Amino acid sequence: MAKKKERTYEKDVIGDGIHSIRKVIEPPKEPSNHRMKYALIGMSALFLILMLVLPLIVVISNALRDGWNTYVGAILDEYTIKALKLTVAATLCAVVVNTIFGIFASYLLSKFYFRGRQLLATLIDIPFSISPVIAGLLFILTFGNVGWMGEFLKSNGIKIVFAVPGVILATIFVTLPFVFRELFPVMNSQGKDEEEAAALMGAGGFTIFRKITFPHIKWALMYGVILCTARAMGEFGAVSVISGHLRGKTITLPLHVEILYNEFHTTAAFAVSSLLVILAVLILIARNIVEWKRK
Amino acid sequence: MKKRMVAGVLSMGMTLSLLFTGCGGGPGESENGSRELLNVSYDPTREFYVTYNELFSEYWKEKTGEEIRITQSHGGSGSQARSVIEGNEADVVTLALAHDIMAIEDAGLIENGWMEELEKNSAPYTSTIVFLVRKGNEKGIQDWDDLVKEGVEVITPNPKTSGGACWNFLAAWAYEQKQNGGDEEATKAFMKKLYENVLVLDSGARGATNTFVENRQGDVLIAWENEAYLSMEQYPGEYEMVTPSISILAEPSVAVVDSNAKEHGTEELAKAYLEYLYSADAQRLAGENYYRPSDEEIQKEFSQQFNFDMELVTMDDFGGWKEAYDTYFDDGGVFDQIYDCKNNE
Amino acid sequence: MYVEMRHVNKTFDGFHASRDVSFAIKKGHMAALLGPSGSGKTTILRMIAGLDQPDSGDILIDEVRVNDLRASKRGIGFVFQNYALFRYMTVADNIAFGLEVQKKSKAEIKARVEELLELISMKELGKRYPHQLSGGQRQRVAFARALAPRPQILLLDEPFAAIDAKVRQELRTWLKEMIGRVGITSIFVTHDQEEAMEIADRIILINQGKVEQIGTPAEICSCPETEFAADFIDARRFEALMSMK
C-alpha cells in the first residue's frame, strides 16, 4: 500500500515563478548537448564562486584575522549584544505581524471576491518595488517631527522615528509581502470548495482554518516565515534612515557592522558580519528542510 | 459569518502590530532609570566622544553622585542636523559647522544666541583642512593647485550632506581667491576643475576617509586634520599628510538642543556636558584625538603636533556662516553651479 | 412539497444567473436540474444549500422559509463537482468530519463511519488519503461524507463529470441504488440528458437562468413545452434508453 510519501502530480503543481524552479530537479528526458551543458555549469560555478563563495571566505577569514579571542571579544561586545537583541526583536515582531497579516490577507484575497481585490494585492506588493531607503524616508515624513502625524504623536508622547518602534516598523514594512507571497498562490490553487464543504457541515471559521486551510498551507507558511526572517535580519536601508544612528539603542546588526567599519574596527566589523552569515546559513538549512518536507 | 471573523482577526493583527511598535521607549530615561544624554554629532568625532563620554561621566559622578548614560550618534553633519529637526531627540548637538546648528535653531528647537552661550563661538576645539596622500606622494601634491591637475583623483564628501565637505570647499576657494586676486569667475573655473577630479563624492567625511584609506580609491583625500592624523595612526607608514599653504580655521560648533533637553529634564546636565569640553582635561583629550584645543595654554602642549604656522582664513572672511552657506551651498548656489555644469558636459 | 423555490432571482455582477425560478420537489424524490453549461443550474443548487443568497424570492424546506437560515442549519448534504474531499484527512476522517463538528460522541462517530464505509464498500480503505483513491472511489467517499450527519436533503453538483466514461455508467446505477436505499430527497445537477433521464424521477429543465419545463423524463421527452426543450432533448436517444430498460 502506498504510504504518505508517495508523490502525486497534484502537489507539484504550484505554478508560480518561485516554485517552478524546483522542477529543475527532474532529470531531462532527452540527452542534452554535453559541451553546452558543461560550459553552462562552468560559467555558473565561476559566477557563484566569484560572487558568493569568495566574499564569504573573505568575511570569515577577515573576522578571524586577529585570532579567536579578538573574534569572541568583538561578538561579546556590549554594543554587539545590544544590536543582536534589537535585530532579534525586530525580526520577531516582523515575523509575527507579517505572518498574521499574510495569513489573513491571502485568506481574504483567495477565498473572497470583492471590489478592489486586485488593488489590495498590488498594495501589499509595494514594499517589494519600493526602495527601502525611500520607505525609511516615508516613515520619517509621516511620523517625524515635521511629518504629517508629528504633532499628534509628539503631543501624545509617542516616539516612532529615531527610536525602536521606528526600527521595528521599518522592518515590518520591508518584509510585509513575504508570507503573503508564499501563501497566496497555495491558497488560491486550493480553491474554496473544501472550506465550503466544511462550512456546510457546520464547522466554524477557526475549525475550518485549523483542519482544512492550515494543513494545506503549512509548509508554504514556514517557507514564507523563513524568507521573512532572513530579510528582516539583513534589512539595512530603511532601518538606517529611521534609526538616527543611536549607538546601543536603535542599532541593528547590519547598522552595527557599518559603524564598526566606519570606526576602523575592520576586524570587528567582519566578526559581526560573520554572525549575520552564520544566522543566514542556519536559515538556509531550515529553508532546505522545509522545501524537502513540502514535497 | 466568515467575513466578519476575518475582519475581526485582521483588526486584531493590526492592534497587535501597534502594540509591538508602541513598546519602545525614547531617549531621556534608560531602562535602569538613570538619566540619559543623547549627543548627536558628526562623522569624525566618533573616537573623541567615546573617550570624552567616559571622562565626563566620571566627572559628573564625582560631582553629583549621579550615574548617567550617554548615547552617541554619528553621520554626515547636515544629515544629522536634519534628523534632529525631524525628531531625533538630541539633548546636545556637536556638529561640524555652525550652519547646521542654525538650521536646528530655525526649526525652533534651539534658542537664539546659542553661539554666545559658550566661549570661542561655542567651538571648544577647532581643526583645519589638510590633504592625505599615499606614502611617497607619487603625484607630488603640495598645494591646492596640484589637485586640479589632470589625472589626479580627489576624494571629498558632498557639501550638501557633509560639514567637512563645506570646509574643504571654502578652503580651496580661499586659496584660489588669494592666488588670482579675487577674480570670482576664475575661482569658479578652478573649483569646477577641482570637482571634475573628484572620483567619489561620499555623503559624510568618514565615508570619504574609508573610500580613500580602506578601499584605496583616489590619489588624495581632502580631509579634516584630525581625520588625517587618525588614518595615519590606524595605518602606520601608509599615508602622509600634506598641509596646503592656505587653509581654513574650521570651528565645529556645539549647542544644547533646548526644547529636547527641557522635555527630558536634562538642561543643566546638557549644559554641563558642553561646558566641560572647555576644561583642561577635555581640551587635552581633544588634542590627543587630533583636534586643536581652543585653550591657548593647552595648545602649547601640542605645538609639536600641530602646524600652528599655517595660514588660516576664518568664517569672518566669508561674512559668517549664514551668508557663506546661502552663497555657496544652498540650492542654486556656487556648488550647484559648478557641479551641475560638470554633469551637463 | 419538501424543497421549494418561489420566484427566485439572482445576479452576479450584472449577469442574470436565475430569473424567476420556481419549482417544488416532493419528499423522497430524486430531481435533476438539467440544462446546458452556464444555464444557472449550479447557482440554484448553491442557493438551496445556502452557499449563495438569492436577491429575491423564497426558498422553502419542509414548508419553512430558509433564506435566513445558515447553510449548516439546513440539514443538507452536498457532493461537490470535484468532491472537495479534505486532502489532508484520511477517508475515515473525511466521513467523520461533519459528525465531529456536531460534537457527537467518539463511539457514535466510529459506528457511523464504519456503517458508511460498509455502505460504499470501502471498508478496507478508511485509512487512505484522497489522492490514493481512484475517481470512482473518491466520489463514493464524497457521497458517504455528505450522508454522514444524516441530512434531510442531498445535493449533488455534476456528480459524474469528473469520472471516466467507462465507469460512469456503473456509478450511476450504484448511486441511484444507494439513494434509493437511504431514501433521501435529492437534487442533482447535470448537463447530460441521458444521465438525467436514467436516474431522476423529475427533471427540471433550465436554460439561461429560467425554468423551461418541469416533469417526469417521459413527459419532458414526449411533449416538450418550449422550443428550447424540444431542441435540447433528443427524443430518439430517450426512446432507445427506455427500450433498454
Side-chain angles (χ1 to χ4, degrees), chain A residues 1-15 103 107 110-119 183 185-222 290 293-295, chain C residues 12-13 42 45-46 48-52 69-90 93-104 124-133 138 141-142 145-151 153-155 157-158 162:
Chain A
M1 193 171 103
K3 285 304 284 180
K4 251 175 135 179
K5 279 285 167 286
E6 185 192 60
R7 288 184 59 185
T8 66
Y9 69 94
E10 249 179 316
K11 286 190 174 179
D12 286 343
V13 177
I14 295 175
I103 289 173
Y107 198 82
S110 60
K111 312 289 178 193
F112 298 95
Y113 292 83
F114 52 92
R115 212 168 291 207
R117 187 168 165 269
Q118 191 56 48
L119 183 73
L183 286 187
V186 179
M187 278 204 192
N188 214 20
S189 75
Q190 188 187 19
K192 55 180 187 175
D193 283 2
E194 287 181 48
E195 271 99 349
E196 269 183 351
L200 207 57
M201 289 186 229
F206 184 66
T207 312
I208 293 175
F209 179 78
R210 196 168 52 93
K211 294 217 156 172
I212 315 293
T213 315
F214 183 74
H216 188 66
I217 62 168
K218 191 165 53 179
W219 295 112
L221 182 68
M222 288 292 281
V290 167
K293 284 261 187 190
R294 215 169 146 175
K295 285 215 201 96
Chain C
F12 291 108
D13 289 332
T42 299
L45 205 67
R46 290 174 62 86
I48 299 172
L51 293 171
D52 284 325
L69 202 60
R70 266 159 54 179
S72 56
K73 302 281 181 207
R74 294 188 188 184
I76 282 171
F78 202 108
V79 176
F80 286 80
Q81 184 166 0
N82 295 306
Y83 314 133
L85 294 178
F86 306 137
R87 65 188 94 175
Y88 293 93
M89 292 184 203
T90 60
D93 288 342
N94 261 281
I95 297 172
F97 187 84
L99 301 166
E100 274 165 9
V101 166
Q102 290 180 0
K103 304 247 168 1
K104 292 277 196 290
E124 314 302 315
L125 305 177
K127 290 223 168 74
R128 288 217 181 166
Y129 284 85
H131 66 87
Q132 297 166 323
L133 303 176
R138 285 183 209 178
V141 175
R145 186 181 71 177
L147 286 183
R150 300 180 198 280
I153 303 163
L154 184 65
L155 306 178
D157 189 2
E158 296 274 8

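Quick note on labels: first sequence line is chain A, next is B, and so on, each numbered from 1. Only this structure's heavy atoms are used, side chains among them; waters, hydrogens and symmetry mates stay out. Keep in mind the model is a prediction, meaning the values are calculated, not measured.
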| task | For C:Ala84 and A:Asp193, work out which heavy atoms get closest and say how close. | result | CB-CB, 3.4 Å
| 4.5 Å side-chain heavy-atom contact, A:Leu200 and C:Arg74 | no
| request: Please flag which part of C:Leu99 lies under 4.5 Å from any non-hydrogen atom of chain A: side chain, backbone, both or neither. | output: neither
| said: I need the C:Asn94 CG to A:Glu194 CD distance, nearest 0.5 Å. | reply: 8.0 Å
| task | Can you tell which part of C:Phe80 gets under 4.5 Å to a heavy atom of chain A, answering side chain, backbone, both or neither? | result | side chain
| query | Which atom names give the shortest non-hydrogen contact between A:Gly202 and C:Ser72, and what distance separates them? | reply | CA-CB, 3.1 Å
| query | Is it the backbone or the side chain of C:Glu100 that comes under 4.5 Å from a heavy atom of chain A, or both, or neither? | reply | side chain
| message | For a 4.5 angstrom cut-off between non-hydrogen side-chain atoms, does A:Met201 reach C:Phe97? | response | yes
| said: Nearest 0.5 angstrom please: C:Phe86 CZ to A:Glu195 CD, how far? | reply: 9.0 Å
